[in-house]
Amino acid sequence: MSNIGSYESKYENFDWDISKKELEYGKDGMYNLAYYCSDRICEQGHGKQTALIWEGFKGETKQYTFDQVRVFSNVFAHFLKDKGIKPGDRVCLFMDRIPELYISFLGILKTGAIVQPLFSAFGEDALFTRLDDARTKVVLTTVKHVRKIRRIREKLPELSLIIVVDAGEKKLSENEIAFSMETLPKQENFEIHKAGPEEPSVLHYTSGTTGKPKGAQHVHSSIIAQYITARWALDITPEDIYWCTADPGWVTGTSYGIIGPWSIGVTQVILDSGFSSEKWYKFIQKHKVTVWYTAPTAIRLLMKDGTDLVKQHDMSSLRYMISVGEPLNAEAVIWSKDTFGMPFYDSYWQTETGAIVITNFPGMEVKPGSMGRPFPGITATVLDLRTFQPITKTGTVGLIALKPGWPSMFRTYWNNKEMYESKFKNGWYICGDRASIDADGYYWFVGRDDDVINTGGHLVGPFEIESALLEHEAVAESAAVGKPDPVNMEVVKAFVALKPGFEPSADIELSIMNFIRKRLSPLAMPQEIEFVDSLPKTRSGKIMRRLLRAKEWGEEIGDTSTLEND
Ligand code: PRX
């Protein structure tokens with residue numbers, strides 16, 4: 001059962017100082033969030049507590065205490081500092097979910113450098129765009145992924161070092177260094193960089209409709225929100241066994257896969273393996289997971305495999321289950337209640353918000369299909385689509401908007417102040433999603449307000465896909481939109497107009513698919529290519545993706561004159 005008081009009382013009496021006090025944030029002038037996720041837990045006498053239980057895809061396991069996390073993150077920090085890494089430098093993490101990923105995340109932050117986590121399945125183009133934009137100085141990676149970086153290295157003059165954390169005796173190329181956390185001398189001490197609360201910490205790239213992905217830049221004091229939301233919305237206590245299924249290449253995997261939970265001092269379990277319902281249930285049973293944070297696509301896959309499979313495992317350790325990343329359908333909430341004896345609670349937030357902002361608070365009545373209510377300290381509303389004024393009429397669809405000022409809010413988009421400023425209207429931060437609010441103050445998600453595709457809880461920008469398509473010799477024009485999918489909610493569909501001299505055929509489709517596969521991540525790969533003579537465009541020449549999308553979803557397109565004038 002929940003260990004948190006009622007939503008109403010928490011909301012009314014809330015002050016971010018509650019979180020600061022619990023964390024002792026800023027004591028002795030220390031604001032660096034890495035300190036609060038490792039050293040502080042040890043200073044409080046919990047160094048022997050297990051911080052991480054890791055299981056690889058072959059079933060191999062490793063375990064680390066908070067003291068080991070502290071010492072090993074010091075090893076990374078010393079190593080980076082010796083190599084000349086300075087506060088503010090961008091250091092990228094590009095690896096699967098191995099222990100080094102979680103521990104070096106803190107090591108990088110201890111030096112004052114900015115950590116830039118990137119999803120290890122990214123292809124060359126996706127990787128290049130993000131490393132180029134951030135002017136990244138160092139990449140930490142593994143033997144499995146280093147080749148992708150080698151292939152783009154020449155185009156990245158500021159990338160001075162590649163550290164391969166599992167190279168062992170393997171021969172590496174020039175300017176690549178083999179590193180081993182476990183065999184280097186233990187480092188009891190490291191002088192943690194005394195970052196200010198507003199100093200940059202994490203840089204997470206996220207996709208929009210237009211242009212390249214943008215780096216949402218967070219600061220050290222984000223931990224004030226990540227800690228208290230992990231405590232109250234995810235209901236984590238130091239006694240729990242917590243499992244966040246997200247990859248730290250995405251914000252859920254850092255805010256709630258590293259920072260939030262470790263600042264509480266909870267034991268985390270990590271499964272570095274592809275999805276399988278049976279594997280997941282076995283994992284929960286084996287480690288006696290109590291709090292489980294996952295995504296609707298996974299829940300839908302679990303539902304597909306049926307209730308019997310659940311019943312064959314001991315799920316009695318579970319006491320709280322939460323979901324994030326995409327709309328959690330009412331059926332999934334009802335199914336989980338029937339099957340596990342408790343519903344999945346929904347939570348809503350974004351890369352930009354850094355922490356949960358709207359959620360089904362523990363103990364609060366869950367309305368299946370609703371995302372819940374604003375987290376304490378968050379002032380939210382929906383704005384009229386045209387006037388950007390708060391909507392007062394219950395149930396009217398508008399733009400989800402938040403009053404700026406919560407601690408984990410991104411501070412800018414890296415090198416893109418203009419785009420950052422465009423996200424604000426009339427003193428509100430506009431999330432880019434549509435929702436309505438009911439009479440009880442619950443938020444009901446309607447859809448995105450832009451052309452970004454949410455496939456399996458991952459945002460994919462059409463621009464990146466279209467750019468990759470356009471590089472193919474036969475492609476004249478392209479548009480990428482989401483089409484309905486029973487499991488992933490949407491998958492990518494590409495519309496392609498060919499250049500004169502090329503005819504649609506299975507061969508050309510295969511050639512295009514193979515061409516873009518190397519450039520994109522598997523998530524962004526179109527499931528289908530439809531060849532068309534030309535694409536619908538506005539009068540100013542912009543592709544009308546919304547029109548193509550509406551057709552895929554069988555929606556009324558209505559009056560297109562406004563679209564044409566976009
Ligand atoms: O469209 C919303 C959707 O995911 C977007 C944020 O994606 P990202 O920045 O990648 O962060 C994902 C993890 C926090 C949102 O703008 N989204 C997120 N949570 C929900 C959701 N859509 C519906 N219901 C949710 N609970």
Side-chain angles (χ1 to χ4, degrees), residues 97 117-119 121-122 202 204-208 213 216 226 229-230 233-234 242-261 270-271 274-275 280 291-304 320-333 335-336 343-360 366 368-372 375 400 402 408 410 431-435 443-450 452-461 482 484-492 521-524:
R97 283 174 283 175
L118 292 181
F119 186 42
F122 275 148
V202 185
H204 264 299
Y205 276 77
T206 182
S207 301
Q226 287 146 348
T229 47
L234 303 186
Y242 168 67
W243 184 26
C244 169
T245 62
D247 187 301
W250 311 101
V251 74
T252 308
T254 56
S255 289
Y256 298 110
I258 303 178
I259 307 171
I270 304 289
L271 179 60
F275 178 86
W280 277 33
V291 178
W292 181 22
Y293 198 24
T294 192
T297 290
I299 300 168
R300 286 191 286 269
L301 285 167
L302 296 173
M303 280 171 77
K304 245 174 75 177
Y320 196 59
M321 316 194 300
I322 323 101
S323 161
V324 66
E326 340 149 46
L328 179 64
N329 20 344
E331 304 83 66
V333 177
W335 175 78
S336 57
F344 266 105
Y345 282 65
D346 198 4
S347 65
Y348 166 89
W349 57 293
Q350 310 177 298
T351 304
E352 287 87 343
T353 69
I356 292 166
V357 289
I358 295 172
T359 185
N360 278 291
V366 173
S370 157
M371 309 194 291
F375 188 84
I400 303 179
L402 310 170
S408 63
F410 72 134
C431 297
D433 290 308
R434 294 182 184 190
Y443 283 64
W444 296 78
F445 186 83
V446 173
R448 288 198 58 98
D449 188 52
D450 57 18
V452 172
I453 303 157
N454 187 336
T455 175
H458 297 109
L459 300 191
V460 176
D485 181 82
V487 170
N488 290 295
M489 197 177 79
E490 30 182 28
V491 289
V492 178
S521 82
L523 296 169

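Keep in mind the model is a prediction, meaning the values are calculated, not measured.
Side-chain contact between F375 and V357: absent, with no pair of heavy atoms (C-beta onward) separated by less than 4.5 Å. Between N329 and M303 the shortest side-chain heavy-atom distance does not fall below 4.5 Å. The shortest side-chain heavy-atom distance between T351 and F410 does not fall under the 4.5 Å cut-off. Contact of the T359 side chain with the Y345 side chain is not registered, since no non-hydrogen atoms from C-beta on lie closer than 4.5 Å. Using a 4.5 Å heavy-atom cutoff, the side chains of V487 and T297 are in contact. Using a 4.5 Å heavy-atom cutoff, the side chains of M321 and I299 are not in contact.
In terms of heavy-atom proximity, F445 sits nearest to R448 at CZ-N, 4.2 Å. The minimum heavy-atom distance linking V202 with H204 is given by the pair CG1-CD2, 3.7 Å. When all heavy atoms of P296 and V324 are compared, the closest pair comes out as CD-O, 3.3 Å. Shortest non-hydrogen contact noted between T455 and L523 is CG2-O, 3.6 Å. Closest heavy-atom contact between V460 and S207: C-CB, 4.0 Å. Looking at every heavy atom in both residues, T245 comes nearest to A295 through OG1-N, 4.4 Å.
Counting only distance, with no hydrogens or angles, the side chain of S255 and the backbone of G354 share a donor-acceptor pair below 3.5 Å. Between the side chain of Y320 and the backbone N or O of A233 there is at least one donor-acceptor pair closer than 3.5 Å. A donor-acceptor pair is defined here as one N or O able to donate and one able to accept, closer than 3.5 Å; such a pair exists between the side chain of E490 and the backbone of N454. Looking only at distances, no side-chain donor or acceptor of T294 sits under 3.5 Å from a matching main-chain atom of S323. Using modelled atom types, one side-chain atom of D485 and one backbone atom of N488 make a donor-acceptor pair closer than 3.5 Å. Counting only distance, with no hydrogens or angles, the side chain of S347 and the backbone of I358 share no donor-acceptor pair below 3.5 Å.
To the nearest 0.5 angstrom, I322 atom CD1 is 10.5 Å from W292 atom CH2. The CG atom of L302 sits 4.0 Å away from the CZ atom of F275 when rounded to the nearest 0.5 Å. Atom CG in L402 sits 11.0 Å away from atom CD in E352 (nearest 0.5 Å). Atom CG of D247 and atom OG1 of T252 lie 10.0 Å apart (nearest 0.5 Å). Between S336 atom OG and L328 atom CG the span is 7.0 Å, to the nearest 0.5 Å.
Ring orientation note: the planes of W349 and Y256 are nearly perpendicular, at an angle over 60° on the 30°/60° scale. Ring planes of H458 and F119: parallel class, angle under 30° (limits at 30 and 60°).
Centroid-to-centroid, the aromatic rings of W335 and F344 stay 6.0 Å apart or farther.
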Between I356 and L234, is the side-chain contact (heavy atoms from CB on, under 4.5 Å) condition met? List the steps. CA-CA 9 Å; I356 292 166; L234 303 186; 3.8 Å; yes

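Looking at R300 and E326, a side-chain N of the basic residue comes within less than 4.0 Å of a carboxylate O on the acidic one, giving a salt bridge.
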